[in-house]
Every structure is written in C-alpha cells, then in structure tokens.
2 protein chains.
Amino acid sequence: MRRYVFALLTIACVVPAISRAQTNSASQAARTWRQQHERAIVDEFVALLTIPNVSSDRANIQRNAAAIVAMMEKRGIAARTVSVTGGNPVVFGEIRTPGATRTIGFYAHYDGQPLDPKEWASPPFEPTLRDKRVDEGGRVVALPPAGGRFDPEWRLYARGASDDKAPIVSLVTAIDAIRAAGLAFKSNIKFMFEGEEEAGSANLEATVAANSALFSADLWLICDGPLYQTRQQSVVFGARGVNRVDITVYGPRTELHSGHYGNWAPNPALSLARLLTSMKDDNGRVLINRFYDQVEPLGPVERKALDEAPAIDAMLMDQLWLGASDGKPQTINELIAVPSLNIRGMASSRIGAQSSNVIPSSADATLDIRTVKGMDPRTTTGLVLDHIRRQGFFVVDRDPTAEERRSHPKVAKVVVVGPAGIGSRTPMDLPISAEVIRVVESARGRVVKLPTMGGGLPLQEIERPLGTKTIVIPIGNHDNNQHSFDENLRIQNLWDGIELMAALLTM
Amino acid sequence: MRRYVFALLTIACVVPAISRAQTNSASQAARTWRQQHERAIVDEFVALLTIPNVSSDRANIQRNAAAIVAMMEKRGIAARTVSVTGGNPVVFGEIRTPGATRTIGFYAHYDGQPLDPKEWASPPFEPTLRDKRVDEGGRVVALPPAGGRFDPEWRLYARGASDDKAPIVSLVTAIDAIRAAGLAFKSNIKFMFEGEEEAGSANLEATVAANSALFSADLWLICDGPLYQTRQQSVVFGARGVNRVDITVYGPRTELHSGHYGNWAPNPALSLARLLTSMKDDNGRVLINRFYDQVEPLGPVERKALDEAPAIDAMLMDQLWLGASDGKPQTINELIAVPSLNIRGMASSRIGAQSSNVIPSSADATLDIRTVKGMDPRTTTGLVLDHIRRQGFFVVDRDPTAEERRSHPKVAKVVVVGPAGIGSRTPMDLPISAEVIRVVESARGRVVKLPTMGGGLPLQEIERPLGTKTIVIPIGNHDNNQHSFDENLRIQNLWDGIELMAALLTM
C-alpha cells in the first residue's frame with residue numbers, strides 16, 4: 001500500500017471565490033508587484049525549497065533558519081533565531097511601527113514531514129514546476145524567463161511547497177510590495193517561523209515561554225493549512241488536539257499452531273477486535289463513558305458560520321468512493337468540531353499469502369484521539385484506560401510479565417505517546433476576529449469561517465505562554481498532498497497568498 | 001516479531017511412557033539392531049536431511065525423491081516415483097509378502113515448510129546435533145564415532161528432522177532390523193512418500209487416483225505429526241480440514257488525514273473489528289448461523305478415549321502464559337475435535353511509531369476455518385459469506401469497483417483460498433483400529449488415543465480415491481518446532497520410532 005495521505009481532495013465543482021469586492025489597497029499593490037516580479041518571487045521560493053527540511057535533519061534545519069533570517073535581513077527586518085536545548089531554532093523577526101498600538105504576529109513553519117524520495121515523481125528537494133497535478137498527467141515545465149508569466153494553474157512540486165514555506169515567501173514578498181507602493185504598516189509586526197511543527201512542536205511552548213517578551217503580541221495569525229475544499233479562502237478559529245494511544249493485547253506466549261490449539265487458546269486479534277468494537281457505536285459515536293463531558297459546545301455564532309459554509313459532504317463521498325459516512329445527520333464540518341477516536345492502524349501476525357496457520361501471540365492497534373476546546377486530554381486518555389479496564393483487561397504501560405499474563409484472563413499494554421494534544425478555539429465574535437475576517441474578505445472576497453480545523457496546530461503552544469489569541473489563515477491549495485509524497489503548491493495560491501498577507505500585514 | 005510457531009510445548013511433568021509390557025518381538029529386534037548401528041542410522045538420516053526440501057524447490061525435491069528411491073532399492077524394495085503434471089513426485093515402494101491377505105500402507109512426506117535461514121541457530125540443511133534445545137542453551141555436539149552411543153536426549157536440528165523425514169528413516173531401519181533378526185512380514189507393505197504436503201497436498205489426490213491400483217491398501221498409516229504433549233505415544237484417528245478465507249473491508253479510496261476527516265469518513269479497521277467480533281462469542285463459540293449443523297458428533301468410544309487422555313490444559317496454560325482459555329468447560333482435546341474459526345492475522349495501515357495520523361483505506365484479516373467429519377467445507381465457507389452479508393456488507397470476490405464502493409455503505413472482498421479442507425475421522429472401534437492400538441501398545445506401552453488431531457493431514461486425499469481408511473501414527477517429539485525455525489528431532493524419538501515401525505511393519 002502506498003503511504004498516501006489524501007489530505008484534501010480536488011472538488012470538481014469550484015465555488016467562485018470572488019463574491020465580495022476585493023478593495024484592499026495593499027493587496028492590490030501586491031498584485032501589481034507580483035505581476036512584475038513573478039520569476040524573481042518563484043526563484044526565491046525555489047531557493048528556500050531546495051534546502052531539505054525534515055525536522056530531524058539538524059544541519060539542514062540550521063541552513064533553513066539561516067536562509068530565512070537572510071531573507072528578512074535583506075528587507076531590513078531585524079531577525080534572529082532563538083531555541084531551547086534540544087529544540088530546532090525558531091526564527092524571530094520584527095517590524096516596529098512608530099505609533100502602533102498593537103502587535104500582530106505571523107506564524108509559519110519551515111520544517112516538513114518526513115518522506116521517502118522513492119515515492120516522489122520528482123526529487124522532493126528539487127522544486128519542479130508542472131502544468132497540472134502529477135496524478136492527472138502533469139508534465140514538467142520550465143520556469144518562464146524573467147518578465148514572463150506563470151500559468152496560475154501550474155503547480156510547484158517540493159516538500160514544504162504548501163506546508164509550510166509558502167506563507168514565508170508570501171510574507172516577505174508582500175513586504176516588498178507594500179514598501180514599493182509606499183504604503184504604511186499600522187501595527188507592529190512579528191514573525192515566528194518554527195522548525196519542528198511536523199515533529200509535534202515539542203519545544204515550541206518552552207521556546208516561546210523562554211522568550212515571552214520577544215514573542216508577545218495581541219494576536220498570532222497561524223499561516224498554515226489548506227484552503228476549504230471548494231477552493232474558497234477560509235479563516236479558521238481553532239484546531240483539535242491530537243493524542244496517540246498504542247494498545248497491545250496478548251494471547252499465547254508465542255504464535256501457536258491454529259490446528260493444535262484453535263478453539264482453546266484465546267486469539268488476541270479477536271480480543272482486540274472486541275475491544276475496539278466496544279469503543280464506538282454503529283454511527284461512529286464514541287461509547288467511552290464521559291468521553292464528551294468536557295466538550296465546550298459551539299456557540300450561536302460558530303453554529304451560524306457552519307451553516308453558512310458550502311456543503312461538501314456529497315462531493316467528498318463521491319471523490320472518496322464512500323457509500324456511507326459516520327455521524328449522520330451531522331456534516332463533516334460539524335463533526336470535525338467535536339472530539340474523535342480513530343484507529344490509525346492494526347496489526348497481528350500476517351495476512352493473506354504471508355499468513356501462517358497460527359493463533360497470533362499479540363495484536364496491536366494505534367488510536368488517535370482528538371480533543372476540542374474544554375477537554376483536558378489527560379482526563380480523556382484516562383477515560384480510555386478506564387474503558388479498557390471495564391472490558392476486563394488488566395492494563396500495564398510496559399510489557400507485561402509472564403506472571404501477569406498467567407494471572408489475568410485479559411492483559412493489555414496501553415501507552416499514551418507524546419505530549420498531550422489540547423484543542424483550541426478562539427471566539428469568532430471577538431472584535432479582533434471580526435476585524436481579521438473583514439481584512440481577509442477585503443483581499444480575497446467572501447470567506448468560509450470555520451470554528452476549528454479537524455487537524456492539529458500548535459495554537460495552545462503559543463496562546464498559553466503568551467496569554468494571547470490565535471487565528472488560522474491558510475493559503476495552500478486543498479489538494480496539495482501535504483504530509484504525503486508529491487506535495488505541491490498551485491501557483492495561483494501563492495499569488496493569492498501574497499495579496500492576503502499584504503492585507504493582513506497592513507491591518 | 002519472530003515467526004515462531006510454537007507447535008507443541010515442553011511439558012515439565014512427563015508421564016512415564018512404559019505402563020504396559022512392551023513385548024513386540026520386531027520392536028525388540030529393532031532395539032538391538034539400533035543399539036549396534038546408531039551412527040550408521042544417523043548418518044543415513046543426516047544425508048537425507050542435507051537435501052533441501054521446500055516444496056517449491058523443484059530441483060531439490062527431485063533429489064529428495066531420488067535419494068528415497070535409492071534408500072529403498074538398497075533394501076531390495078521395488079521403488080519408483082509417480083506424479084501428475086505440475087505435481088511433485090510421490091515415491092512409491094512395495095514389499096510383497098507371499099500368502100499375505102492384506103496390505104498395510106505407510107505414508108510420510110519428504111518436503112518441509114518454507115523457512116528463513118536467518119532465523120535458524122544453525123543452517124537448516126546442515127543437520128546439527130545439540131545436547132538439548134537451542135532455547136534452553138543447547139550446545140553443538142559432534143556425532144559419536146561408529147560403535148559409539150548417542151545420548152537419547154540429544155536433538156538433531158534440521159528442516160524435516162521431525163516433519164517428516166524421521167518416519168522414512170525409521171521405516172527403512174526397521175526393515176533392516178526385521179531382516180537381520182530373521183523375522184517375517186505378514187502383510188503386503190506399501191510406501192507413499194509425498195513431496196508437497198507442506199504446500200497443501202494439492203496434487204496428492206489426483207496422483208493417487210491416477211495410480212489407484214498401485215496405492216490400493218486396506219489401511220494407510222499416516223506417519224506424521226508429534227506425540228502427545230506428555231511425551232506419551234499417541235494414535236490419532238482423524239484430522240481437521242483447514243480452509244483459508246481472506247477478508248478485506250474498505251474505507252475511503254486512499255488513506256485520509258484523521259484530523260480533516262476523523263469522525264466522518266468510516267474507518268475500515270473498526271468495520272473489520274466489528275465484523276470479526278460478530279463471528280464469535282466471549283467464550284470462543286462461533287456465532288455464524290448453522291456453523292455446527294453438519295458436525296458428526298463423537299461417539300461413546302471416542303468420548304471415552306478423550307476422558308482417558310491425560311489432562312494437559314493447566315500445564316499448557318502455564319507454559320503458554322495464558323490466564324484463560326476459550327471453550328470452557330471443554331478441554332483442549334475436546335475442542336480440537338470440533339470445528340474452529342481462527343483469525344490468523346489482521347492488518348490495516350501502520351501501528352506505533354510507524355503509524356500516520358490517518359483513517360486507513362482498507363483493513364484485512366485472514367481466517368482459517370477448520371472442519372471436522374460430516375462438514376462440507378464449501379457449505380461452511382458459504383455460511384461465512386452469508387454471515388458477512390447479514391452484517392450489511394456487499395460482498396465481492398475480487399477488488400470492488402469505485403462504483404460498487406460508492407453505492408454500498410459497507411463493502412467486503414472475501415476470497416476462499418485454495419482447495420477445500422475436509423475433516424476426517426476413522427472409527428476407533430473398527431477391528432483394524434483396535435489391532436493398530438494393540439500393536440502400537442506392544443511396542444510403546446499404553447497409548448493416548450485421540451479421535452482427531454487439531455491440524456490438517458491429507459487423509460481424505462488418500463481415503464477418497466482408494467476407498468480406504470487412515471490412522472495417524474506420530475513419532476516426532478511434541479516440542480519439535482515443526483513449521484518454524486530450529487525444527488528438531490529428539491534422538492530418543494527416532495529410536496522409539498524405529499521400534500514402533502518394526503512392530504507395525506510386521507502386523
């Protein structure tokens with residue numbers, strides 16, 4: 001099986017993005033500037049994408065950080081890196097605006113997901129322009145000469161093209177445009193470019209906390225994630241927290257001949273199946289006691305925003321070859337705003353032609369549990385443990401001993417892996433929220449407002465140490481293959497991103 | 001995970017094997033002969049074990065067959081190979097006894113299970129003598145010189161040492177002993193040594209049917225399988241048939257980001273878990289409608305034999321680190337005499353550190369379904385298909401199309417793999433059954449009589465085309481690692497096997 005994470009899909013029916021007047025003068029200036037400098041903008045982007053950016057590749061991570069500092073210094077922006085022991089550098093930059101009464105921060109990350117180059121149509125760190133998606137037969141095209149124009153439907157293929165180096169290039173280009181047009185900043189501006197978001201932002205909160213004066217701001221705009229599946233601009237006010245739980249259940253000490261022992265030795269694959277089945281009902285609702293208790297429900301403004309979001313369920317089902325969806329009658333947008341329990345994978349012995357006539361010795365499942373605002377993830381994972389115990393399992397958090405296995409009918413190892421993922425949601429009706437929506441719409445037309453995205457972002461890692469708020473501003477295309485091979489950015493999304501950043505930089 | 005099939009385990013408490021007078025003159029002659037020729041016997045065995053014997057290795061399979069023909073011709077036994085197109089050769093041999101009124105056949109197989117040499121403590125086709133089990137610290141020992149004696153607890157490690165070349169060497173050695181002692185055969189004797197038992201005996205029935213006059217016999221003794229777990233000699237009157245069923249259930253077209261789609265896109269791993277859970281109750285009883293309907297129950301003689309078999313459940317649970325067993329209050333011996341449904345393995349996406357934050361696209365399980373006498377396996381696998389449909393699945397036997405996936409809430413691919421495995425049981429109270437028990441006891445003392453073994457053997461493949469009966473006579477040690485790495489034969493089992501075969505050859 002190819003490790004293809006179909007993050008977001010091409011929807012045939014694209015809703016026209018321009019349904020409100022796009023009147024923002026900074027974004028208009030950005031368009032003019034971009035039209036005159038397309039090749040140079042892409043050249044700078046390509047140079048950044050050429051530096052490998054997997055979080056664990058410390059040498060190249062340093063090169064990325066240094067390149068971004070240089071990109072800012074070239075614009076006269078005070079820039080530096082900060083880090084904590086063991087953490088990748090966070091690039092900090094700042095534009096102080098005389099007389100400004102507030103500070104707006106722009107967050108993005110320069111690291112990318114781990115990858116296997118063999119899966120890619122072209123090397124992930126040799127940015128490659130194509131006339132359409134690889135899986136739709138896209139062919140490599142040469143960069144147009146300086147002064148030439150790019151077809152906006154072309155796509156630039158490289159790790160990080162969409163997730164999440166595009167906002168960095170959009171921001172510095174927008175600054176060039178703002179200055180060239182003689183426009184003024186109104187707020188103080190700060191930048192935070194993280195180098196280990198794809199590794200779980202394990203050091204971000206500590207880095208921000210250790211440099212809280214540096215990073216203090218009235219609002220941090222989290223420039224990450226893809227646009228809505230209709231290609232409309234979205235503004236997203238939160239994210240779910242993600243928590244991984246690894247479960248192993250045990251059968252006999254070693255694999256047993258299924259003839260000699262079948263019917264007698266308990267099968268751990270069946271025991272695991274039974275346990276997983278107990279966790280959710282037929283419609284996908286989690287049956288773990290008190291699982292939903294702490295959820296802070298959506299308010300009327302958030303519910304109204306969901307009602308206004310274009311319906312995508314039927315289109316997605318068609319695209320995804322699905323004959324049913326869970327959680328009926330709720331929509332996907334409603335369902336990603338509530339907590340989830342998902343089986344990431346299962347394994348027990350071998351299947352098909354590789355299978356042996358055995359009773360497996362153990363069976364494994366990995367879950368992810370996504371929390372929303374109001375939930376304490378440690379409480380939630382504790383409820384999962386309680387549930388497993390209530391199903392009759394003796395639960396340990398390391399390999400059970402022979403004696404533990406002998407003395408309990410059912411034994412499970414349950415390990416909650418990694419930092420607790422906390423859900424986060426900024427109220428949509430705060431004055432600053434309303435202002436951000438207005439500014440985005442002045443640049444990009446009517447937006448889709450979502451209370452939360454389904455995935456995780458390091459919102460709490462920024463909000464908690466600074467006591468500030470976050471709002472998510474995506475610019476990447478939804479069909480960008482982020483987290484998978486053949487990640488790409490649609491050129492028009494880069495152009496739109498530059499205009500959007502120009503508007504937000506001058507709010 | 002090591003691919004360790006713990007076929008049968010060492011039981012600390014060994015029941016003394018000698019509780020009846022061992023008075024068989026042929027087996028006494030065999031003992032004397034063996035004591036005088038230990039090194040030569042083992043040398044001939046080692047030479048046979050040195051020839052690789054994986055069924056698919058056609059060239060070496062031919063070498064094995066030729067070597068066995070030569071071993072028989074050396075004893076003046078008429079021998080040849082027969083085969084059908086595409087099948088491995090079956091070695092046939094015959095001793096005609098003037099005045100004999102019946103024919104006794106001896107079946108064994110010379111092929112062995114596929115293997116990975118890296119898993120073995122010593123190369124599988126370089127037979128290696130050790131002073132005890134490898135996993136108990138056994139060290140390599142040199143073969144004693146001619147005239148020297150072997151420690152009976154030593155073990156000979158090689159693929160096929162136990163399963164199933166030991167009976168072949170035991171038989172030809174027993175013939176040497178019988179002749180040296182001037183004893184006479186009473187029956188006509190036939191030999192059938194198969195070359196693809198471990199590949200499912202796919203061509204055995206056709207080969208036997210095409211040569212039915214050659215293979216006709218009043219009884220075939222199936223010399224295969226391990227002794228009872230107490231080390232007592234067993235005589236087994238049947239086997240279960242094994243049937244493999246591969247199940248795939250489907251979720252979204254490709255793996256989906258569990259954040260963006262979690263709670264909405266149905267998870268195939270959970271769907272599979274739910275399906276498997278529906279198939280058995282908490283105590284391991286199969287819930288598939290009519291699953292047990294065709295079972296021919298054990299008769300009073302068979303039930304009495306089970307009652308007399310030494311209890312092994314508690315010892316096995318201790319050895320296997322089990323805190324529970326299925327099928328209570330029945331014992332393992334009772335449970336392997338009824339049909340079973342077992343999960344061989346499960347797989348969906350990836351687990352643990354290799355997992356991604358995805359909803360898998362599909363989930364797989366492989367089942368084996370063991371049938372007993374009376375059951376038509378095609379009916380039984382049909383019931384499994386019916387059950388899956390009743391759980392709401394649209395069932396196909398090849399990859400479903402996009403449209404099939406879109407138009408059905410749940411879709412499963414279900415493939416019944418390979419030839420149907422039929423359960424078989426020879427009545428214990430036939431005169432020939434009683435005679436075999438008497439003869440075995442005259443050589444080996446009190447035996448454990450079992451109506452069936454839990455695993456499969458090609459009994460029907462011999463019974464059907466010839467209209468004859470089969471009885472299973474094991475000689476290998478129970479802790480022989482058959483089907484796994486480090487297969488071995490305990491030397492005493494070879495000595496005992498020679499004596500046993502001498503008794504049976506002269507019945």
Side-chain angles (χ1 to χ4, degrees), chain A residues 4-8 240 246 252-260 262-264 266-267 269-270 273-274 276-277 280 284 320-327 332 335 340 342-352 355-360 364 366 368 370 402 405-409 454-456, chain B residues 4-7 240 242 246 252-260 262-264 266-267 269-270 273-274 276-277 280 284 320-327 332 335 340 342-352 355-360 364 366 368 370 402 405-409 454-456:
Chain A
Y4 187 88
V5 182
F6 208 99
L8 290 156
R240 292 198 282 195
D246 290 348
R253 176 181 179 181
T254 55
E255 291 187 355
L256 290 180
H257 191 291
S258 65
H260 299 325
N263 264 359
W264 178 80
N267 187 308
L270 182 62
R274 204 176 287 284
L276 296 172
T277 297
K280 295 182 86 168
L320 294 169
W321 300 358
L322 289 175
S325 65
D326 283 345
I332 184 168
L335 289 162
S340 67
N342 173 60
I343 306 172
R344 289 186 174 188
M346 292 194 306
S348 183
S349 190
R350 298 163 302 283
I351 58 161
S355 70
S356 307
N357 55 348
V358 297
I359 299 163
D364 292 271
T366 291
D368 60 45
R370 295 191 183 258
R405 289 170 65 170
R406 284 192 188 102
S407 56
H408 298 91
Chain B
Y4 187 87
V5 181
F6 208 98
R240 292 198 282 197
V242 61
D246 290 349
R253 176 182 179 181
T254 55
E255 291 187 354
L256 291 178
H257 191 292
S258 65
H260 300 324
N263 264 359
W264 178 82
N267 188 308
L270 182 60
R274 203 176 288 282
L276 296 171
T277 298
K280 295 182 87 168
L320 294 169
W321 299 357
L322 289 175
S325 64
D326 283 345
I332 184 169
L335 289 162
S340 66
N342 171 62
I343 305 173
R344 288 186 175 188
M346 291 194 308
S348 184
S349 191
R350 299 162 301 283
I351 58 162
S355 69
S356 307
N357 56 348
V358 297
I359 299 164
D364 291 271
T366 291
D368 60 46
R370 295 191 183 258
R405 289 170 66 171
R406 285 192 188 105
S407 55
H408 297 91

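Below, chain A is the first sequence line, B the second, and so on; all start at residue 1.
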Residue pair [X] / [Y], side-chain heavy-atom distance below 4.5 Å:
X	Y	value
A:Asn357	B:Arg370	yes
B:Met346	A:Leu270	no
A:Trp264	B:Leu335	yes
A:Arg405	B:Leu322	no

Considering only heavy atoms and a distance below 4.5 Å, find which of [options] pairs most often with chain B.
options	answer
A:Ala402, A:Ser407, A:Gly284, A:Gly456	A:Ala402
A:Ala324, A:Gly262, A:Ser258, A:Gly327	A:Ser258
A:Arg406, A:Lys280, A:His408	A:Arg406
A:Gly323, A:Pro409, A:Ser340, A:Gly345	A:Gly323

Just by distance, do the side chain of A:Asn342 and the backbone of B:Val358 share a donor-acceptor pair under 3.5 Å?
yes

Using modelled atom types only, decide if a donor and an acceptor are shared between the side chain of B:Asn267 and the backbone of A:Ile343 within a distance under 3.5 Å.
yes

Given B:Asp368, B:Ile332, B:Val242, B:Ile359, the one with more heavy-atom pairs under 4.5 angstrom with chain A than any other is B:Ile332

Could you tell me which non-hydrogen atom of [X] sits nearest to which non-hydrogen atom of [Y], and how far apart they are?
X	Y	value
B:Gly352	A:Asp246	CA-OD2, 3.6 Å
A:Asn263	B:Arg240	ND2-NH1, 3.7 Å
A:Ser355	B:Thr366	OG-CG2, 3.6 Å

Quick check on A:Arg344 against chain B: is it the side chain, the backbone, both or neither that has a heavy atom closer than 4.5 Å?
both

Approximate separation, where rounding is to 0.5 Å, of A:Arg253 CZ and B:Leu320 CG
8.5 Å

